[in-house]
*Asks:* 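Have a look at this one.
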Amino acid sequence: MIEGILLIDLDGTLYTGDEPIRCYAAELAALTGNPALVPGVEEYLADTSPIVAADGWEAVRALAGTVPRRLADAAFLRSRYGMADGTVSVTVSEPLVRLVTELRDRCLPVLATNSPADGLAALLDRLGVANLFAEVVFSARKPDGLVPLATRLLRSIGAAAQPHRLLSIGDHWRNDIAPALRLGAIGGYVDRFGRRAGPAQLSGRVVDDLLPGVRSWAADPAAFAATHQVG
């Protein structure tokens, strides 16, 4: 019997590695003729940059300033295609994959990303997780799209009035955690730099840090919610 929903982000959560960000910066630098992008993103990744951004993708866009959307999209897709064909390295969290696999009989795993579908199926296949998720949602339009998505998923398991039965895991607090908390769901925040962008029932520097809490939530979502309230 399905007792809960595991809603998992892709970039910076399911997989780790900074090469996609570096590739995005390099491709956008080549398309815009902005040589400051590459060293600027290295400062961000080393946590020494004055740039305020929720993740590396936002940092690249902030460093680039105003650029045509078509150039930003082209640079992003080149990075995504590189991830899909293996020329841009990323590493999937094996402990997360094992836990999701273990919990599949009671928790419906759903992958939700703001990325477009281009190259996504090939990437998931290369990471060995093509069959891990019950549903893959691309172009999810988070943060605005998260609440409707979560509401639909909760209804699908007969838990429309029990939002604590959904756990949203991601590295972007504004996109992945804040809307989940507004709904009354549980948030698992991958806070890479320890910046505490906002509250969450679970938080850690890498997704593996959250897994004991995820297991505790899956065992009894109602009890977990009662003992892990956020202000």
Side-chain angles (χ1 to χ4, degrees), residues 1-14 54-55 93 95-117 120 124 129-191 196-204 206-231:
M1 179 178 178
I2 298 299
E3 297 290 342
I5 305 288
L6 272 173
L7 187 61
I8 300 173
D9 179 48
L10 174 64
D11 300 293
T13 305
L14 177 65
D55 59 19
S93 168
L96 174 62
V97 171
R98 287 195 296 270
L99 182 59
V100 170
T101 302
E102 175 189 331
L103 297 176
R104 276 183 65 99
D105 63 338
R106 59 183 296 111
C107 295
L108 195 72
V110 176
L111 184 70
T113 175
N114 282 351
S115 297
L120 186 56
L124 297 180
V129 296
N131 298 315
L132 181 65
F133 297 97
E135 183 177 351
V136 175
V137 180
F138 54 84
S139 300
R141 299 185 300 105
K142 297 183 286 186
D144 293 344
L146 190 141
V147 169
L149 171 61
T151 300
R152 173 175 68 79
L153 293 171
L154 285 164
R155 285 176 179 160
S156 75
I157 64 167
Q162 299 172 301
H164 60 271
R165 289 172 60 182
L166 183 140
L167 170 56
S168 177
I169 303 175
D171 70 322
H172 195 300
W173 188 84
R174 187 174 69 252
N175 282 359
D176 302 309
I177 310 304
L181 296 183
R182 287 197 301 272
L183 182 64
I186 307 299
Y189 180 30
V190 181
D191 187 8
R196 299 189 177 120
Q201 288 89 346
L202 299 172
S203 64
V206 296
V207 72
D208 294 1
D209 294 337
L210 310 183
L211 301 188
V214 173
R215 186 185 298 277
S216 177
W217 165 81
D220 191 335
F224 182 92
T227 57
H228 292 76
Q229 298 183 18
V230 296

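For the single chain, residues carry numbers from 1 onward in sequence order. Given the structure is predicted, the values throughout are model-derived calculations rather than measurements.
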*Asks:* How about Leu154 and Thr151: do any of their side-chain heavy atoms sit closer than 4.5 Å?
*Replies:* no

*Asks:* Where the side chain of Lys142 meets the backbone of Ala112, is there a donor-acceptor pair that is under 3.5 Å apart?
*Replies:* yes

*Asks:* Applying side-chain hydrogen bond (donor to acceptor under 3.5 Å, both in side chains), which residue pairs with at least one partner in residues 214-231 are found, sequence neighbours left out?
*Replies:* Glu102-Arg215

*Asks:* Val110 and Ile5: which non-hydrogen atoms are nearest, and at how many Å?
*Replies:* CG2-CG2, 4.5 Å

*Asks:* Please confirm whether the backbone N or O of Ser139 pairs with a side-chain atom of Asn114, one donor and one acceptor, at under 3.5 Å?
*Replies:* no

*Asks:* How many angstroms lie between CG in Leu96 and CG in Leu210, if you round to the nearest 0.5 Å?
*Replies:* 9.0 Å

*Asks:* Taking side chain as C-beta onward, heavy atoms only, is Asp55 less than 4.5 Å from Asn175?
*Replies:* no

*Asks:* Would you call Asp191 and Arg196 a salt bridge, using N to O less than 4.0 angstrom?
*Replies:* no

*Asks:* State, with a plain yes or no, whether a side-chain heavy atom of Val190 is found less than 4.5 Å away from one of Asp9.
*Replies:* no

*Asks:* Between Trp173 and Pro199, what is the shortest heavy-atom contact and its length?
*Replies:* NE1-O, 2.7 Å

*Asks:* With heavy-atom distances below 4.5 Å as the criterion, would you say the side chains of Leu99 and Leu6 are in contact?
*Replies:* no

*Asks:* Under the side-chain hydrogen bond (donor to acceptor under 3.5 Å, both in side chains) definition, can you give me all pairs with a residue in residues 156-172, not counting sequence neighbours?
*Replies:* Glu58-His172, Gln162-Arg165

*Asks:* Does Asp11 have any salt bridge (charged side-chain N to carboxylate O under 4.0 Å, His left out) partners at least two apart in sequence or in another chain, and if so, which?
*Replies:* Arg80

*Asks:* Give the minimum heavy-atom separation between Tyr189 and Ala197, together with the two atoms involved.
*Replies:* OH-CB, 3.5 Å

*Asks:* Distance from Leu146 atom CG to Arg174 atom CZ, nearest 0.5 Å?
*Replies:* 13.0 Å

*Asks:* Walk me through it: do Leu124 and Leu14 pass the test side chain to side chain contact (heavy atoms under 4.5 Å, CB included)?
*Replies:* CA-CA 10 Å; Leu124 297 180; Leu14 177 65; 4.3 Å; yes

*Asks:* For Asp105, I'd like to know if atom CG has over 12 heavy atoms of other residues, nucleotides or ligands within 6.0 Å.
*Replies:* yes

*Asks:* Identify the two heavy atoms, one from Val100 and one from Pro109, that lie closest to each other, and give their separation to 0.1 Å.
*Replies:* CG1-CB, 3.5 Å

*Asks:* On a heavy-atom basis, which atom in Leu183 and which in Ala150 lie closest, and how many Å separate them?
*Replies:* CD2-CB, 3.6 Å

*Asks:* State, yes or no, whether a side-chain contact exists between Phe224 and Leu167 at a heavy-atom distance under 4.5 Å.
*Replies:* no

*Asks:* Can you check whether Leu132's main-chain N or O pairs, donor with acceptor, with Arg104's side chain at less than 3.5 Å?
*Replies:* yes

*Asks:* Taking all non-hydrogen atoms of both residues into account, name the closest pair between Ile186 and Ala180 and its distance.
*Replies:* O-CB, 4.4 Å

